[in-house]
Asks: 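After the structure tokens below, expect a handful of questions from me.
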2 protein chains.
Amino acid sequence: MSATAAQSSRNNSTRTRILEAALEILSRDGPAKASMAEIARRAGLSRQGMYLHFSSKDELTYAAARHAFEVQHANAQEMLASRRPFTERLVGALMAEYASLYSGTRSRAARFWQGYEAPVIDRIIEMRNRFDRSFVELLAGALESDGAVIGPDDPHARSFVDLATVLVAAARGLTLSTREISTKDRAELLRIAVTRLCAPSR
Amino acid sequence: MSATAAQSSRNNSTRTRILEAALEILSRDGPAKASMAEIARRAGLSRQGMYLHFSSKDELTYAAARHAFEVQHANAQEMLASRRPFTERLVGALMAEYASLYSGTRSRAARFWQGYEAPVIDRIIEMRNRFDRSFVELLAGALESDGAVIGPDDPHARSFVDLATVLVAAARGLTLSTREISTKDRAELLRIAVTRLCAPSR
């Protein structure tokens, strides 16, 4: 490894360490109360050292959200490509894609947004929307190649994209559910959704 | 009608007028910027006249949210009790129960919460949760009495409450969707969900 490559790899892992520290502190304290000094400390850096990577809390928030979405998306892709049975792959991918940021109660989700200015919210939502669109396409592809059924006996389902959209809606709705649903119960409910939505003629 | 009854009915309709004006202004401007004076004007009252009914913006917000949820819930119940075909009744009830407050983009939904203090958010969410629980029970009852299928051929669906929970999750997920989904498309996607989730052995 050249000196430059080593430097770049070290910067990369420092960056990831900061992003993970930021996610932890931001989701615990909310953006208004989260302290940049505490995030730096958690990442093992001086505050000045952190500012070399991220010059503002908004910039750090945005990068941390992107990092979380990327990790979730990569886990979901890996699950879709795995050798598990059809239903388990789909349930696993839905659980992975909507794993962390929206988990917990509605109250926590609503509070997550407090303290952010509208432009930051809009950027993060637009980013999440891009991941969602990409995930719906991935899922629709998996449904098509792996045996989901859209037949002439089914007047309503028009496309694999429609089925994927409904599945994603259910997965997202369950993460913000009325009651605290355990991860196990969420997976069980998604199993119902996948089984019934995707293979009605079994 | 006695003088007291007439007075009470007039107070009632004044109250409703204020609540509807408040919903309009609050959802347009957000709670931070919404003006109590403008809400009073919209309701055809003086600001002092309005304060006889609601002594603070938080109290008005809470009452306006309850009013909106009650109207949605009543419409959903009416739809479930109607004489339309099974699928249309269910789709109609889901559309009615999740009609207005969460509609629009995620950005708008996220902004809705900005400017509220945590205690107000928690009270409104707890109230919404109660409506959701009641709606899940109503829906589960309708599924059970109206022919949804849970059979020995289906290892996953454990109860009508589970099916209702998945349907509600899909309905809520669709109101906060990635793309702007038109009301017509939302109904079409819910029709897929209802048809496939509730009558898999057709």
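Every heavy atom of this structure was used, including side-chain atoms; hydrogens, water molecules and symmetry mates were not. Computed from a predicted model, the values in this text were never measured in an experiment. Naming: A, B, ... by sequence-line order, numbering from 1 per chain.
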Asks: Counting neighbours of CD on Glu126(A) that are heavy atoms of other residues, nucleotides or ligands and sit closer than 6.0 Å, is the number greater than 12?
Replies: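 More than 12 within 6.0 Å, yes.
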
Asks: Do other residues, nucleotides or ligands put more than 12 heavy atoms under 6.0 Å from Arg17(B) CZ?
Replies: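 Counting other residues, nucleotides and ligands, CZ of Arg17(B) exceeds 12 neighbours.
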
Asks: On a heavy-atom basis, which atom in Ile192(B) and which in Leu197(A) lie closest, and how many Å separate them?
Replies: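 Scanning both residues, the minimum pair turns out to be O-CD2, 4.2 Å.
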
Asks: Does any part of the side chain of Val166(A), heavy atoms only, come nearer than 4.5 Å to the side chain of Arg196(B), both counted from C-beta?
Replies: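 Contact flag for Arg196(B)/Val166(A) side chains = no.
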
Asks: Do you know which two heavy atoms are closest between Ala170(A) and Ala169(B), and how far apart they sit?
Replies: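 Closest heavy-atom pair between Ala170(A) and Ala169(B): O-CB, 3.5 Å.
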
Asks: With a 6.0 Å cut-off (strictly less than), is the heavy-atom count around CZ of Arg15(B), excluding the residue itself, greater than 12?
Replies: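 Atom CZ in Arg15(B) is not crowded, with 12 or fewer foreign heavy atoms closer than 6.0 Å.
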
Asks: Looking at Leu174(B) and Thr165(A), what are the two nearest heavy atoms and their distance?
Replies: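 That closest heavy-atom pairing would be CD2-CG2, 4.1 Å.
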
Asks: In this structure, are over 12 heavy atoms from other groups packed under 6.0 Å from Glu70(A) atom CD?
Replies: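 Yes, the 6.0 Å shell around CD holds more than 12 heavy atoms from other groups.
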
